[in-house]
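It should be emphasised that the depicted structure is a prediction, and the values quoted were computed from it without experimental measurement. The sequence lines fix the lettering, A, B, ..., with proteins before strands; numbering per chain opens at 1.
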Protein chains: 2
Amino acid sequence: MSTAEETAGGEVAPWGEVTPDAARRLLVAAVEAFAERGYHATTTRDIAGRAGMSPAALYIHYKTKEELLHRISRIGHTKALDILRTAARREGTAAERLADAVSSFVRWHAGGRTTARVVQYELDSLGPEARAEIVALRRQCDAEVRGIIEDGIASGEFDVLDVKGTTLAVLSLCIDVARWFSIDGPWTPDEVGALYADLVLRMVGASK
Amino acid sequence: MSTAEETAGGEVAPWGEVTPDAARRLLVAAVEAFAERGYHATTTRDIAGRAGMSPAALYIHYKTKEELLHRISRIGHTKALDILRTAARREGTAAERLADAVSSFVRWHAGGRTTARVVQYELDSLGPEARAEIVALRRQCDAEVRGIIEDGIASGEFDVLDVKGTTLAVLSLCIDVARWFSIDGPWTPDEVGALYADLVLRMVGASK
DNA sequence: GGGGACTCTAAGCGCTCGCTCACCTTCGGC
DNA sequence: GCCGAAGGTGAGCGAGCGCTTAGAGTCCCC
């Protein structure tokens, strides 16, 4: 990731695409605040304060508080889809690709748990049009995972009763990592990624 | 469940223990509002309005808005723990008990998704003391599931690499049902419960 | 039928919210 | 050295928030 940067929290934050600098600082501050307290409990004064600016400065770069959430959500979902798509389209068996998809997707949710929490849990705070755009991205994520599982069934690697349900369960398992993962906990993002890849291979009947 | 009642949404709502009647109506209204919009986005006027009362009526039965969330959270977590404990302590093999625990826990999250959503996702909105009480209940839930898995390993039924991680993943999978399940979706709570019981047995290496 | 306990309401207090506006600085181009 | 654009500030508006208070209605016990 050429645009990745390190924040104070030690997370990978690919916000390099957001310019100018002040707009990026505000967006990063918003991600942290939304993740900590939730969208509705976060005030625009809090966001501006974290970015070292006055409350009014926020409105130079963003029309509303919701636009901030929308931008965060779109960037985050695009990144998530990119991760799954890369794993789905690499070379290898379906089992290798599924393990790759799960472990990298989980690493993203664990390592970037601040961003992931906002992206995955504040969807309902968006207005109807913004939410529709994000929901479309989610469906593409779903399709990538389902594609790998279908490939594995076709090749005889996997043994799955309910493709749709299993796809949903796999994504659900990964997404929920953002809820419980803590950097102070007993695992590193890599360890959770490896554990979950193993569990998911068992779920699709591909374990050795 | 002798105290269970049917709400307009068709959910099982075991709020019979809450008296008097006005206090229960307010609590049910609060559950619905918190589930739909989140704790912070819900106003006390909205809760009172749903219960057919004036805003001030809320404060006759509850000291603060947070007390409502606390009561909901405690009742819900107690019920969740009760479900897991019942499954864990019944007769049968570890596989049977685990399947029972998962399917009934999932049914509760799917069928009572309104309650479950509040219980599982609004924890951070509680104050420190209230949160500590709820976190203790959650740890007991974790212990029940871990107990079944450890039994299965001891009896040779299960093949698990990381007991703590697998326990967490099983609970995580079940809890996240409250996030995505919709009564308008393609599954009934029973179907999701059965699917998830199968997936979890695969995760612990107990599938036939 | 009088009095206290309980339940609920109308009105509104003090506060903080998202957001705006008038104004100030900084800076590159000519 | 002047100018307009861009980026910033302090003060504050209207609205809605959680919550309180004074008092009215209703019930039961005597």
Notebook entry, point to check: What is the ring orientation for A/F105 with A/W108, classed by angle as parallel under 30°, tilted 30 to 60°, or perpendicular over 60°?
Noted result: parallel
Next item on the list: Indicate yes or no: at least one non-hydrogen side-chain atom of B/H61 is less than 4.5 angstrom from one of B/P20.
Entry: yes
Margin query: With a 4.5 Å cut-off on side-chain heavy atoms, are B/D198 and A/D162 touching?
Written below: no
Notebook entry, point to check: Is any side-chain N or O of B/H61 closer than 4.0 Å to OP1 or OP2 of C/dC6?
Noted result: no
Item checked: Minimum-distance nucleotide (side-chain atoms of A/A56 versus C/dC21, C/dT7, C/dC8) -> C/dC21
Check: Going by modelled atom types, is there a donor-acceptor pair between the base of D/dG16 and the side chain of B/R45 at under 3.5 Å?
Finding: no
Notebook entry, point to check: Considering only C/dC8, C/dC17, C/dT7, which nucleotide approaches the side chain of A/T43 most closely?
Noted result: C/dC17
Next item on the list: Have a look at B/S54 and say if it touches a base, only the backbone sugar-phosphate, or nothing, with a 4.0 Å heavy-atom cut-off.
Entry: base
Check: Which whole-number value in Å describes the distance from B/L58 CG to C/dT7 P?
Finding: 14 Å
Note to self: I want to check one thing: is the phosphate of C/dG18, taken as OP1 and OP2, less than 4.0 Å away from some side-chain N or O of A/T44?
What the structure shows: yes
Margin query: Without decimals, in angstroms, what is the distance between B/H40 NE2 and D/dC17 C1'?
Written below: 13 Å
Next item on the list: Starting from P on D/dC19, measure out to CD on B/E67 and report it in whole angstrom.
Entry: 10 Å
Check: Does the side chain of A/R89 come within less than 4.5 Å of A/E144's, by heavy atoms?
Finding: yes
Notebook entry, point to check: Can a salt bridge be assigned to the pair B/D21 and B/R24 using a cut-off of 4.0 Å between side-chain N and carboxylate O?
Noted result: yes
Notebook entry, point to check: Between B/L26 (CG) and D/dC19 (P), how many Å, whole number?
Noted result: 14 Å
Next item on the list: Provide, to the nearest angstrom, the distance between the CD1 atom belonging to B/I60 and the P atom belonging to D/dT20.
Entry: 12 Å
Notebook entry, point to check: Can you check whether A/Y59 has a side-chain N or O nearer than 4.0 Å to OP1 or OP2 of C/dC19?
Noted result: yes
Next item on the list: Rounded off to whole Å, could you give me the CD1-to-P distance for the A/I47 and C/dG18 pair?
Entry: 8 Å
Next item on the list: Check the distance between C/dG18's P and A/K63's NZ and give it to me in whole angstrom.
Entry: 17 Å
Next item on the list: Could you check how far OH of B/Y62 sits from C1' of D/dG18, rounded to whole Å?
Entry: 17 Å
